[in-house]
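In what follows, chains carry the letters A, B, and so on, assigned in the order in which the sequence lines appear, proteins first and then strands, with residues in each chain numbered from 1.
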Amino acid sequence: MPTPVVVESGEIHEIHTDADVVRVRQAARTLALSAKLSLVDQTKLVTAASELARNTLVYGGGGRATVEVVRLGPRRGVRAVFVDEGPGIPDLDLALTDGWTSGSGMGLGLSGARRLVDEFEVSTDVGTGTTVSVVKWTR
Amino acid sequence: MDRVPILKIGDILLVSIQVDLQDHIALALQEDLGDKIVATSARGVLIDISALEIVDSFIGRMLSTIASISRVLDAETVVVGMRPAVAITLVELGLSLGGVRTALDVDRGMAMLAASTEVRDDELEPDEHGAIDTVSAPGD
């Protein structure tokens with residue numbers, strides 16, 4: 001049986017404004033510190049969280065982020081889950097392509113965030129919304 | 001605070017970003033810098049990002065856009081003070097900061113701007129183009 005992931009602590013943040021995106025970044029930074037991620041891994045996680053929180057705001061029409069310190073056996077990490085009830089992503093493969101954007105961005109948000117983390121999952125339904133979950137583990 | 005202050009030192013504009021930048025503040029900075037370059041006839045823009053803990057695609061795009069705007073307005077932009085962890089993350093994210101010149105710290109950035117504005121001033125030959133007197137008159 002696989003070892004279950006234990007949630008040690010967590011916070012939920014609503015995302016409806018620019019200021020909320022900054023708050024999600026700060027929450028991710030605080031939890032990355034307490035999970036003892038290295039400086040580079042903290043920076044990668046916070047940057048990924050910033051991209052995904054902005055996606056939730058701009059493309060999902062707002063939503064919420066859950067940021068948690070998690071443990072799997074001896075390893076700790078930070079998990080961030082972004083949920084919106086927006087239009088969903090019609091073509092996920094396309095949305096994960098570098099440089100492709102449906103909006104005015106650079107098209108690096110989703111594909112770039114994926115490269116910065118250890119685990120990356122998207123579930124999306126057109127008309128229902130999108131959930132993106134990422135985890136960065138200590139080394 | 002909803003504006004990033006822009007300081008004028010000689011013919012250089014110095015911007016030191018000390019807050020966790022909200023997107024609309026980053027956009028306001030682009031516009032303010034454009035206005036200020038024209039208003040002060042600045043030849044260089046120095047942006048200190050040593051306090052920034054992350055540069056994501058939005059802030060990265062802001063830096064590229066500022067560099068392009070200033071180039072069109074005849075000013076050079078140098079971004080200084082990027083933290084190593086930020087540089088590593090930026091590259092992995094896929095951002096190359098195209099067209100943005102960088103230096104390790106403010107001193108080197110100032111030297112870079114001084115050198116490039118000097119070169120450009122040497123290239124100007126007042127007797128060939130009548131308009132040049134009105135362009136580069138102020139005390140240099």
**Student:** Say whether B/Leu63 and B/Ile69 are linked into one hydrophobic cluster, either directly or through other cluster members, by side-chain heavy-atom distances under 4.5 angstrom.
**Tutor:** yes

**Student:** To the nearest 0.5 angstrom, please state how far the CG atom of B/Leu21 sits from the OG atom of A/Ser50.
**Tutor:** 10.5 Å

**Student:** Is it true that B/Val100 and B/Met62 fall in one hydrophobic cluster, defined by side-chain heavy atoms closer than 4.5 Å?
**Tutor:** yes

**Student:** For A/Ala113, which atoms come within 4.5 Å of any heavy atom of chain B: side chain, backbone, both, or neither?
**Tutor:** backbone

**Student:** Would you compute the distance between atom CG of A/Asp18 and atom CG of B/Asp2 and round it to the nearest 0.5 angstrom?
**Tutor:** 12.0 Å

**Student:** Under a 4.5 Å heavy-atom cut-off, does chain B meet the side chain of A/Val46, its backbone, both or neither?
**Tutor:** both

**Student:** Within this structure, what is the CG-CG distance for the pair B/Leu93 and A/Asp98, rounded to the nearest 0.5 Å?
**Tutor:** 8.5 Å

**Student:** Using every non-hydrogen atom in the two residues, find where A/Arg115 and B/Glu92 come nearest and quote the distance to one decimal.
**Tutor:** NE-O, 2.8 Å

**Student:** Can you hop from B/Met110 to B/Ile47 via hydrophobic side chains spaced under 4.5 Å?
**Tutor:** no

**Student:** Is it possible for you to say whether A/Val81 and A/Val67 belong to one hydrophobic cluster, with membership spreading through side-chain heavy-atom contacts below 4.5 Å?
**Tutor:** no

**Student:** For A/Glu121, I'd like to know if atom CD has over 12 heavy atoms of other residues, nucleotides or ligands within 6.0 Å.
**Tutor:** no

**Student:** With rounding to the nearest 0.5 Å, note down the distance linking OG1 in A/Thr17 to CG in B/Asp23.
**Tutor:** 10.0 Å

**Student:** Would you say CZ of B/Arg108 has more than 12 non-hydrogen atoms from neighbouring residues, nucleotides or ligands within 6.0 angstrom?
**Tutor:** no

**Student:** Are there over 12 heavy-atom neighbours, none belonging to B/Lys8, within less than 6.0 Å of that residue's NZ?
**Tutor:** yes

**Student:** Between CG of B/Asp20 and CZ of A/Arg23, what distance do you get to the nearest 0.5 Å?
**Tutor:** 11.0 Å

**Student:** Hey, is the main chain of B/Ser57 close enough, under 3.5 Å, to the side chain of A/Glu51 for a donor-acceptor pair?
**Tutor:** yes

**Student:** Atom CG of B/Asp56 and atom CZ of A/Arg25: how far apart are they, to the nearest 0.5 Å?
**Tutor:** 5.5 Å

**Student:** Test of understanding: clusters of I, L, V, M, F, W, Y form through side-chain heavy atoms closer than 4.5 Å, transitively. Do A/Val40 and A/Val78 belong to the same one?
**Tutor:** no

**Student:** Let me know if A/Arg54 has heavy atoms under 4.5 Å from chain B in its side chain, its backbone, both or neither.
**Tutor:** side chain

